[in-house]
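So the structure is just underneath, and the comments pick up after that.
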Amino acid sequence: DVASGERTVLADQPDREQSSPRIAPDGSRVALLSTTRGSYDTPREFELRIVPVKGGEPPVAVPVGDLWPGEWVWSADSQTLYVAGDLHGRGAVLAVDAASGAVRRRLAADASYSSLCPAPDGRWVYALRSAVDAPPAPVRLDTTADDQQPVTLPTPAPAPAPPGRLTEVATEVDGATVCALAAVNAGVRQIQGTLNGLGERCGNANLVTLIPTLLLKPVFADRFETGV
C-alpha cells in the first residue's frame with residue numbers, strides 16, 4: 001500500500017520463482033509467471049497465473065497448452081488478459097478470461113507477436129508481427145475473431161521482399177521433424193535438434209523422433225551414417 005507502506009504477499013513458494021507481474025487496471029488481479037527451479041535432470045515447468053489481490057480466492061492457472069508465454073497485458077476494463085508467446089516455431093496471441101482463466105479464443109497463430117497494446121474500447125489489439133520472411137511490422141487484431149490474418153498498418157518504409165523462395169513442409173504428426181528430414185534430404189550438413197523439449201518451441205527438431213527415423217527408415221538409413 002503506497003499510503004501506509006503495508007505489504008501483502010501474493011505469491012511465495014520456495015520451489016518456484018514468480019516473475020513479470022502485471023497488475024490489472026482496476027487493481028483486482030495480478031498476472032504473473034510461476035516457474036519451477038528445475039535441475040540438470042528435470043526441465044523447468046512454467047504456469048501463467050492470475051492472482052487475486054485481496055485474497056480469499058486461490059490463484060487461477062491459465063491453460064496455455066504448448067504456448068510459451070512471452071508477454072501478457074490487460075484490457076482496459078480488466079476483464080481480459082491478452083497473452084503472446086512462442087508456439088511450435090511461430091507464435092500466438094490468446095485472449096484469456098480474467099475471472100476463470102479460460103482461454104476465450106486464439107486471435108492469431110501465424111507469426112510471432114510482441115508489444116501488445118489493447119485499444120481502450122476493447123475492439124482491437126495492436127501489436128508488432130514478425131515472421132521468418134517478414135521483419136517486425138505494426139498490425140491490428142480483431143478481438144472477436146479466431147486465428148485471423150491481421151490487418152497490416154502503414155509504416156514509413158515498405159517491408160523488403162525475401163531474397164529467394166520460402167517453402168514450408170508440415171505434417172500433422174511432428175512438423176519440426178519433417179522440416180529437418182526435408183533439409184537432410186536436400187543435402188544440408190547440419191540441422192538443429194533438441195532434447196527434453198529445450199529449444200523445441202523455437203522450431204528445433206525433436207531428436208527423440210528424428211534419430212530413430214534416420215536409423216530405421218531405409219530411405220534415410222541406406223544413405224546416411226548417423227554415428228549413434
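FYI, the numbering just counts along the sequence from 1.
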Residues that [X] engages under side chain to side chain donor-acceptor pair (under 3.5 Å), provided they are two or more places apart:
{"X": "T36", "result": "none"}
{"X": "R29", "result": "none"}
{"X": "D1", "result": "S4"}
{"X": "Q149", "result": "none"}

Is it the case that the side chains of [Y] and [X] hold a donor-acceptor pair, with the cut-off being a distance below 3.5 Å and no angle test?
{"X": "S28", "Y": "D26", "answer": "yes"}
{"X": "E17", "Y": "T35", "answer": "no"}
{"X": "S112", "Y": "R90", "answer": "no"}

Should [X] and [Y] count as side-chain neighbours, where that means a heavy-atom distance under 4.5 Å?
{"X": "V83", "Y": "L67", "result": "yes"}
{"X": "P136", "Y": "R129", "result": "no"}
{"X": "S114", "Y": "S130", "result": "no"}
{"X": "V62", "Y": "I50", "result": "yes"}
{"X": "D110", "Y": "P150", "result": "yes"}
{"X": "Q148", "Y": "L141", "result": "yes"}

With sequence neighbours excluded, what pairs up with F220 under the ring pair (Phe, Tyr, Trp, His ring centres under 6.0 Å) test?
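With neighbours one apart ignored, the set is empty.
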Measuring centre to centre across the rings, with the benzene-like ring taken for any Trp, is W68 within less than 6.0 Å of F46?
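They qualify: ring centres under 6.0 Å apart.
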Quick one: do D146 and R106 make a salt bridge, cutoff under 4.0 Å?
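Not counted as a salt bridge, because no side-chain N and carboxylate O are separated by less than 4.0 Å.
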Could you walk me through whether V53 and V30 pass side-chain contact (heavy atoms from CB on, under 4.5 Å), step by step?
CA-CA 7 Å; V53 170; V30 175; 3.8 Å; yes
Hydrophobic clusters here meaning ILVMFWY residues chained together by side-chain heavy-atom distances under 4.5 Å, can you tell me if V125 and L94 are in one?
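Looking at the clustering, L94 is in a separate group from V125.
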Any side-chain hydrogen bond (donor to acceptor under 3.5 Å, both in side chains) pairs touching residues 116-127, not counting sequence neighbours?
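For residues 116-127: R123-D142.
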Could you please spell out the steps behind the side-chain hydrogen bond (donor to acceptor under 3.5 Å, both in side chains) verdict for D41 and S39?
CA-CA 5 Å; D41 301 318; S39 66; 5.0 Å; no
